[in-house]
Structure formats: structure tokens, C-alpha cells
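Numbers restart at 1 for each chain; the letters A, B, ... are given by sequence-line order, proteins then strands.
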Number of protein chains: 2
Amino acid sequence: MVVVKMTEGVEWALHCCLDLAWAGDTPVPAARLAAHHGLPPAYLTKQLQALGRAGIVRSTPGPRGGYLLDRPPHTVTLMDVVAAVDGADPAFRCTEIRAGGPHTTRCAIDTAMARADLAWRRELAARTLADLDADVRRADPDAPAATRARLT
Amino acid sequence: MVVVKMTEGVEWALHCCLDLAWAGDTPVPAARLAAHHGLPPAYLTKQLQALGRAGIVRSTPGPRGGYLLDRPPHTVTLMDVVAAVDGADPAFRCTEIRAGGPHTTRCAIDTAMARADLAWRRELAARTLADLDADVRRADPDAPAATRARLT
DNA sequence: TAAATCTGGATATTTGATGTCCAGGATTCG
DNA sequence: CGAATCCTGGACATCAAATATCCAGATTTA
Ligand code: SF4
Ligand code: SF4
């Protein structure tokens, strides 16, 4: 009955999305993103490809190629990124302990968990990359420019 | 940065808590609870012990012994059970990708995730075993008595 | 054409959940 | 008292999924 899972890949993906937002329209190779965060390049690639399949990120091959953010930051919610990387699983799978239990039609435990899961998703869907960007700028106005310089 | 994890043990624990609530003041051995749900007895034991350490459940050894719910159902929230079984982990651990990132003092991703996590916990803390009991009775008024009969 | 870069699948490694086992200790009952 | 019942807690085995690596194409730039 795993209700909510969240892997490290989401953290990486979010960082990369912000990085790409700051990089603007200059493609950034996966290798450079990985190096920037000290992450295994071959694995980060997988997260980026997932973001690509979700239409959040776009890629161009060849020299001077790399990844670009493919949507305006204020249209990409954190939920979008989580769903892209960890999959938009059917909310939660139940172990079906139905042997002689209280089961008639509906299950109280089931719905209670679904409700909590929904609250979580709603919260993630309420924030976008643009919000994160604004938060970072408030704390350190130079960070975006510095990151951009290091990546392009 | 695993934010929310939820294991199957929680589902089992919730089922057992409801069962014990219905069993009233008659102790139910772990073996019978396990058989009732078709679960591995040796492993269910672990969840029950966790519930015991959290003060949700009480145990009496010896013949005619077993487990009892140790608090009125309306005082046991789903969050209590989740925390007892899966641990009240520090909400979420961050991988610290701090190498050259936007880090100054606070982290936007961090706080956004913490907020979502909080929403999830709040939802779980808002419902108690008594609520679940009421839901089940509404769907099938006979279920509690039937379960009690099978367990005692 | 050569270099850079992505794509996608196969596979290995690691971690944590799941499941098992056993050697105690407490309690009840005869 | 002695035997049966039941819990406690730790050590250990197993399994699934996340994490990580590798490589053989495909695509674009120069
Ligand atoms: S009562 Fe049934 S549906 Fe609900 S969590 Fe348990 S097995 Fe799943
Ligand atoms: S920005 Fe820093 S604090 Fe925030 S999730 Fe990334 S590594 Fe953790």
C-alpha cells in the first residue's frame, strides 16, 4: 500500500529544471549539468530523458547541443516534475488484505489514504518553477546569473 | 530526498488496530490476527511491537493473552499509526547537492517539499480510528460484530 | 567525414523493505 | 511446581526497487 514515493531523481530533476530555466535558450549538455551537481552523468541522463518524454524539457543532439527547458517556468508545476520522474502511478496500490475483513464495497482505510495523497499532490501542483526561481532570487539575487555563467 | 514513504506494514497495522477496537477488552494473539488476514505471523509481530512501543497497543503474555487497543479509538490518528510503524522520520532527507548550486541560507525546493509533506501529515492527523470505524459501519453495520466473533 | 551529443536498452550494484528464526521471559492454568 | 501459551528482541535471509554503469545506435554541427 505504498502511497507516496519520491526518489532522489526528483530532486536532481528539479535542480536541473531550474538550471535550464536560468540558462535560457542556450542548450546545456547533460554532462555539464551532472558535473555541476557532482552527479553520475549516466544516471542523470535517465531523469532528463524522462523530463523530455513529459514535454518539460527538449533536447538537441550534436555539438553545441544539449537540453533546454521547453515550457515557460510558470507553467511547470512541481507535480509535473514528480510525475515525469517517478511516474504518475495510480496514487496507491492496495495489498488487498481482503480475507474476511470488513470489505463490502468500499474501504475506509483506502479513501483516507487517497485523501492524504491528494492533499500532497495538490500542494505540489500549486507551485511552479517560477515560484522556486522567485524564492531563490529573494535569498540570493546573483545566484541565477552565476549558475548561468557556469553552465553556458 | 525521499519525502514520504509508506510501507505495507502501515496497512496491516491499521487493519489490526480496527480489529482490536472491535475485539474490545478481549486480548487477541498476534497469530490469530495474522491468520485472519493471511499474513506472515512472524512479520506482523514486528508491526504490533512497534504499535506497542508507541503506546497505541498493549500486550499481555501467557495463555489467553494477546494484544489490546490501549487508547480510545477516537484518540488514535492515522498519523499516529504511520509514525509508529514507519517511524516519524525527519520529514525528508535532502541529498545536499550543494556543489555550486543556488544555496545561500535556505532552499526553495526544500521548503516546497516540506510544505507538501506537511499537507499529507495534516490530512492523516485529521482522521482517527473512530472515523474509520464509523465509515465501515455505514457501509456494513454487521462487519465489526462479525470480525469480533471471528477473533475472540 | 569527424566530433559531440542524445536515445534507449541491457545489466550490475546498493539499499531498504519484507520475511524468517530462535533464545529468552512472562503469565496462566492444572 | 510444571507445562503450555504468548510476547520480546535481536540476528539473519530474501526480495524488490532505486541507483548506477555501459554500450551500440542515431542525429546534428562543423
Ligand atoms: S481494507 Fe481492503 S481496500 Fe482497504 S487497505 Fe485494507 S485491503 Fe486495501
Ligand atoms: S537545493 Fe539544496 S537543500 Fe534544496 S533540495 Fe537541493 S540540495 Fe537539498
Q: Looking only at the side chain of A:Pro63 (C-beta and beyond, no hydrogens), which of the listed nucleotides C:dT20, D:dC6, D:dT29 gets closest?
A: D:dT29
Q: Could you state the atom-to-atom distance from CG of A:Asp70 to C1' of C:dC6 in whole Å?
A: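 In whole Å, C:dC6 C1' and A:Asp70 CG are 15 Å from each other.
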Q: Tell me if a side-chain donor or acceptor on B:Asp86 pairs with a main-chain N or O of B:Thr7 at a distance below 3.5 Å.
A: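 Yes, because the side chain of B:Asp86 sits within donor-acceptor range (under 3.5 Å) of the backbone of B:Thr7.
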Q: Could you state the NZ-P distance from A:Lys46 to D:dT21, rounded to the nearest angstrom?
A: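 Nearest whole value for this atom pair: 12 Å.
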Q: Nearest to the A:Glu8 side chain among D:dT19, C:dC6, C:dT20, which nucleotide is it?
A: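 Closest of the options to the side chain of A:Glu8: D:dT19.
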Q: Determine: side-chain N/O of B:Ser59 to OP1/OP2 of D:dC6, distance under 4.0 Å, yes or no.
A: no
Q: Is there a side-chain polar atom (N or O) of A:Thr7 under 4.0 Å from OP1 or OP2 of D:dT19?
A: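 Answer is yes, contact under 4.0 Å.
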Q: Counting heavy atoms from C-beta on, name the nucleotide in C:dT20, D:dA20, C:dT27 closest to the side chain of A:Tyr43.
A: D:dA20
Q: Among B:Asp133, B:Asp80, B:Asp135, exactly one meets salt bridge (Lys or Arg N to Asp or Glu O under 4.0 Å) together with B:Arg127. Which residue is that?
A: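 Testing B:Arg127 for a salt bridge (Lys or Arg N to Asp or Glu O under 4.0 Å) against B:Asp133, B:Asp80, B:Asp135 leaves exactly one candidate, B:Asp135.
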Q: Heavy atoms from C-beta onward define the side chain here; which of C:dT5, D:dC6, D:dT8 lies closest to that of A:Pro29?
A: C:dT5
Q: Out of B:Asp19, B:Leu51, B:Ile56, B:Asp25, which one pairs with B:Leu69 under the side-chain contact (heavy atoms from CB on, under 4.5 Å) rule?
A: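 When B:Asp19, B:Leu51, B:Ile56, B:Asp25 are each tested with B:Leu69, the side-chain contact (heavy atoms from CB on, under 4.5 Å) holds only for B:Ile56.
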Q: Between B:Gly9 and A:Thr60, which is nearer to the 5' end of DNA chain C once each is assigned its nearest nucleotide?
A: A:Thr60
Q: Hey, does A:Gly66 reach any base, or is it just sugar-phosphate, or nothing, if we go heavy atoms under 4.0 Å?
A: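 Sugar-phosphate only.
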Q: Give the rounded distance in Å between these two atoms: CG of A:Leu39 and P of D:dA18.
A: 18 Å
Q: Does B:Leu68 offer a backbone N or O that forms a donor-acceptor pair with the side chain of B:Arg58 under 3.5 Å?
A: no
Q: Output the single nucleotide from D:dT21, C:dT7, C:dG19 whose closest atom is nearest the side chain of A:Thr45.
A: C:dT7
Q: Could you check whether B:Arg53 gets within reach of a base, just the sugar-phosphate, or nothing at all, counting any heavy atom under 4.0 Å?
A: sugar-phosphate
Q: To the nearest Å, how far apart are B:Leu48 CG and D:dG9 P?
A: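 In whole Å, D:dG9 P lies 13 Å from B:Leu48 CG.
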Q: Measure CD/B:Gln47 against C1'/D:dT8 and give the value in whole Å, please.
A: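 So the CD-C1' distance, B:Gln47 to D:dT8, works out to 15 Å.
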Q: Whole angstrom is fine here: how far is it from CE in A:Met6 over to C1' in D:dT19?
A: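 Those two atoms, CE and C1', are 16 Å apart.
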Q: To the nearest angstrom, how far is B:Tyr67 atom OH from D:dT8 atom C1'?
A: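 From B:Tyr67 OH to D:dT8 C1': 8 Å.
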Q: Looking across every strand, which nucleic acid part, if any, lies under 4.0 Å from B:Ala30 by heavy atom: base, sugar-phosphate, or nothing?
A: sugar-phosphate
Q: Please report the distance, rounded to the nearest Å, between CD in B:Glu11 and P in C:dA17.
A: 16 Å
Q: Look up atom CE in A:Met113 and atom OG1 in A:Thr111, then write down how far apart they are to the nearest 0.5 Å.
A: 9.5 Å
